[in-house]
Structure formats: structure tokens, C-alpha cells
Amino acid sequence: MSDRPASPLDRYLAHRRRYEIGFWFAYWLMHASLNSIDVVLALHRSSPSFEDWEPVVWEFSSCLMLLALVPAVLLYERRFPLRWQHWRRSAALHLAGSLAFSLSHVAGMVGLRALAYAAMNSRYDFGDWPRELLYEYLKDVRSYVYMLAILYAYRLLLLRLQGEARLLAEPEEGAPVEPIERPERFLVRKLGKDFLVAARDVEWLEAAENYVNLHVRGHAYPLRSTMSAIEQRLDPERFLRVHRRYIVNLDQIAHIEPLDTGDARLLLKDGAKLPCSRTYRAALKTAVVR
């Protein structure tokens, strides 16, 4: 393993999913709590003929369903990311997504409220469905937009802190200083500063949603690309695909451990462990003995 002490960003990234899940739980819990207090106070002023538990049930049933729908929104955005150059198509797709989001939210919310009211020996009345559905959709579309805005702001902040890698582009004037089709270096922008990373220093690559993470000396730099596209741009004498999600720098392999399943496990010099699926084992064996 590297002797470089872990930075706060490194420690965050090591437990990134836990923090992300915790954020959404905290966000909707706070939202439900504050709204419950606000509604209770407002109803006490205007309509004293209600039970204090009712606004709590309304707000928490709504926020519980919104929390349950977070994974669906994230998966939908991953399948249909916002593309500003195709904004009409993106707008249509996410308008449809917001409708499905609202209908799912209302159906689950009403079901939870009905159960809560039944537990209190009462009956929940949603009201006039067409009017209430329109009212809920106008609120839900804002929630949908807020969730996407939080997602994109978070990604932008993470990219600035982590550093985003790019392939070197062909210059507007003159000949390129190195082959464009097979770059020898990557341009990394981090916190507004640019620096170069030699391709040979990339230890391994990992597919991550719409990016490929370049792992270099304990850092991971996201590159906006697919695994297939970047694989074609790398030197095949140095880099090899070992899994649908991983490409490894052959010079970084310290040990290969065969598994009973026919797959293998690669131990790299930096301490990382990567899977090698049986589909790629023959190519790996050929590459390491040549």
C-alpha cells in the first residue's frame, strides 16, 4: 500500500456511498420535521379541530415516499442524463419522469396515511382526486427538480475536488505534440488548475456510471468516457481489459491468484485487488508471459 497519508477527500471517497445515503435520509427527515412543526402551528391558528398527530402523518408519509423514490430518480437520470445539446429530448424525458415520480409518490403516500389513520381508529380522505393530484404534482415537480439540482451540484463539486481527466485534444493550429489516437498523457483539471498525468502512470481503470476512473498513485481521476472507448485509445502492450469494469496496467500486477470458479484475483503493487473474469484470463496469461 502507498505510504501517502489519506486526505479528508480520500477518507470521504472510501465511504462515499454511506455518506450519500446518510445525506438523503437526513435531508428528508429534516424536511418532514420542519414541515410538521410549521403545519401544526398554522393549523392551531386557523383550525383547532384536528389532532396534532395528523400533520405529522401527512408530512412523514410524504417524505418517506420521496426518500424511497431517490434511488429511482438516480437510476432514471443515469439512464437518461440531461444533455443540454439535446434539451428538447431531455425535457420531454424528464417531464415524463416527473409524472411517474408524482404518481408513485401520491399512491404510496395515500397508502401510508390510510394505514396510519386506521391504526388511530380513523379514516383518511385524500379529497377530490383530480384537483389534489394536480396540486401534488405541482409540488412534486419542484421536489424532482431539487433532487436533480442537488445531484448535479454534488457531482460538479466532487469533480472539482477530485480532479477530472480529459484526453488531449488536437490543437487548433499546428501538428499535435503526441499521437491523438493513442495519447501518452491525460490532462487533469483540479480546483481550477491543469496538470498532466502520463498514461504509463495509470495503474488501473474502473468504470463508474458515466465515467471511467483513472487510478494514479492513490488518486482517482474521473474521465468522461466508456470503457470500450478508452480501451481503444490505450497502448495494448501496456494495458489489458480484465473485467467488464476494469482495465489494468500490466506493469502494476504483483500477483495473480486463480480462483476455483475459473476467475482470478489480481493483486497490484499499490495493494489494490481487482477481479479478472474467466473471459479475459487467457488474454491475461498470454500478456504476462510474452
Side-chain angles (χ1 to χ4, degrees), residues 1-20 155 158-168 178 182-191 193-259 261-290:
M1 295 292 290
S2 172
D3 293 332
R4 181 181 62 86
S7 67
L9 178 61
D10 294 330
R11 291 192 291 270
Y12 171 80
L13 292 174
H15 303 284
R16 175 181 172 182
R17 293 303 176 211
R18 294 180 184 178
Y19 287 120
E20 290 171 349
R155 285 180 181 170
L158 202 58
L159 285 176
R160 286 185 60 83
L161 293 174
Q162 191 175 359
E164 183 177 7
R166 299 178 185 177
L167 292 166
L168 292 179
E178 61 183 49
R182 184 157 295 161
E184 298 174 1
R185 295 174 294 176
F186 293 93
L187 178 68
V188 173
R189 169 160 289 185
K190 184 174 182 178
L191 297 177
K193 298 180 180 180
D194 294 340
F195 60 94
L196 295 173
V197 171
R200 65 178 178 274
D201 290 338
V202 177
E203 294 151 353
W204 50 287
L205 300 90
E206 176 188 18
E209 299 180 356
N210 299 323
Y211 289 84
V212 173
N213 285 329
L214 310 180
H215 290 265
V216 185
R217 292 188 289 273
H219 294 282
Y221 301 117
L223 171 72
R224 192 181 291 275
S225 175
T226 64
M227 287 294 276
S228 298
I230 191 59
E231 182 182 13
Q232 297 173 10
R233 307 286 293 272
L234 296 172
D235 182 358
E237 297 294 320
R238 185 183 300 273
F239 292 94
L240 183 71
R241 183 83 168 262
V242 293
H243 188 273
R244 64 182 182 85
R245 293 188 58 222
Y246 296 97
I247 294 174
V248 67
N249 184 334
L250 295 170
D251 294 337
Q252 296 297 321
I253 298 177
H255 180 69
I256 301 174
E257 178 187 352
L259 302 177
T261 59
D263 300 331
R265 183 182 295 115
L266 308 182
L267 177 63
L268 305 191
K269 294 177 181 178
D270 70 346
K273 295 179 180 180
L274 304 184
C276 176
S277 61
R278 69 186 70 184
T279 306
Y280 300 97
R281 275 195 66 182
L284 176 63
K285 182 178 180 180
T286 302
V288 296
V289 300
R290 68 187 172 200

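The chain is numbered in sequence order, starting from 1. Everything quoted here is computed from the prediction, not taken from an experiment.
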> Roughly how far apart are H219 NE2 and K190 NZ, rounded to 0.5 Å?
Replying inline: 5.0 Å

>> Restricting to side chain to side chain contact (heavy atoms under 4.5 Å, CB included), what partner residues turn up for A254, sequence neighbours left out?
In response: K269

> Hey, are the side chains of L268 and V248 touching, using non-hydrogen atoms and a 4.5 Å cut-off?
Replying inline: yes

> Looking at side-chain heavy atoms only, is the closest gap between W204 and I247 below 4.5 Å?
Replying inline: no

>> Using side-chain heavy atoms (C-beta onward) and a distance below 4.5 Å, is Y211 in contact with L223?
In response: no

> Hey, what do you get for CZ (F195) to OH (Y221), rounding to the nearest 0.5 Å?
Replying inline: 4.0 Å

> Can you tell me how far the CZ atom of R265 sits from the CD1 atom of I256, to the nearest 0.5 Å?
Replying inline: 13.0 Å

>> Just so I know, are the side chains of V212 and Y246 near enough to count as touching, which here means a heavy-atom distance under 4.5 Å?
In response: no

>> Contact between L13 and L158 at the side-chain level, heavy atoms closer than 4.5 Å - yes or no?
In response: yes

>> Set out, in order, the CA-CA distance, both residues' side-chain angles and the distance that settles side-chain contact (heavy atoms from CB on, under 4.5 Å) for V202 and F186, then state yes or no.
In response: CA-CA 10 Å; V202 177; F186 293 93; 4.1 Å; yes

> How long is the gap from CD on E164 to CG on L159, to the nearest 0.5 Å?
Replying inline: 5.0 Å

> Would D194 and V188 satisfy side-chain contact (heavy atoms from CB on, under 4.5 Å), going step by step from the backbone distance to the final call?
Replying inline: CA-CA 6 Å; D194 294 340; V188 173; over 6 Å; no

> Measuring from D201:CG to L196:CG, what's the distance to the nearest 0.5 Å?
Replying inline: 11.5 Å

> Is any side-chain heavy atom of E203 closer than 4.5 Å to a side-chain heavy atom of Q252?
Replying inline: yes

> Hey, is R241 close enough to E231 for a salt bridge, meaning N to O under 4.0 Å?
Replying inline: yes

> Any side-chain heavy atom of R244 sitting closer than 4.5 Å to one from M227?
Replying inline: no

> Can you list the residues that meet the salt bridge (charged side-chain N to carboxylate O under 4.0 Å, His left out) rule with R17, with sequence neighbours excluded?
Replying inline: E20, E209

Taking distance alone, no hydrogens or angles, what donor-acceptor pairs closer than 3.5 Å link side-chain atoms of residues 274-284 to residues at least two apart or in another chain?
from : atom 1 : to   : atom 2 : distance (Å)
R278 : NH2    : T261 : O      : 2.4
R281 : NH1    : G262 : O      : 3.1
R281 : NH1    : D263 : O      : 3.3

> Crowded around R155 CZ? As in, over 12 foreign heavy atoms under 6.0 Å?
Replying inline: yes

> Hey, is the main chain of Y19 close enough, under 3.5 Å, to the side chain of R16 for a donor-acceptor pair?
Replying inline: no

>> So if I apply the side chain to side chain contact (heavy atoms under 4.5 Å, CB included) rule between L250 and each of V242, L240, D235, which one comes out positive?
In response: L240

> Just wondering, do F239 and L205 contact through their side chains at under 4.5 Å, heavy atoms?
Replying inline: yes

> K273 and L266: side-chain contact (heavy atoms from CB on, under 4.5 Å), yes or no, with the steps?
Replying inline: CA-CA 5 Å; K273 295 179 180 180; L266 308 182; over 6 Å; no

> Where the side chain of Q162 meets the backbone of P222, is there a donor-acceptor pair that is under 3.5 Å apart?
Replying inline: no

> Can any side-chain N or O of D270 pair as donor or acceptor with the backbone N or O of R217 at less than 3.5 Å?
Replying inline: no

> Is there a donor-acceptor contact under 3.5 Å from the side chain of N213 to the main chain of E206?
Replying inline: no

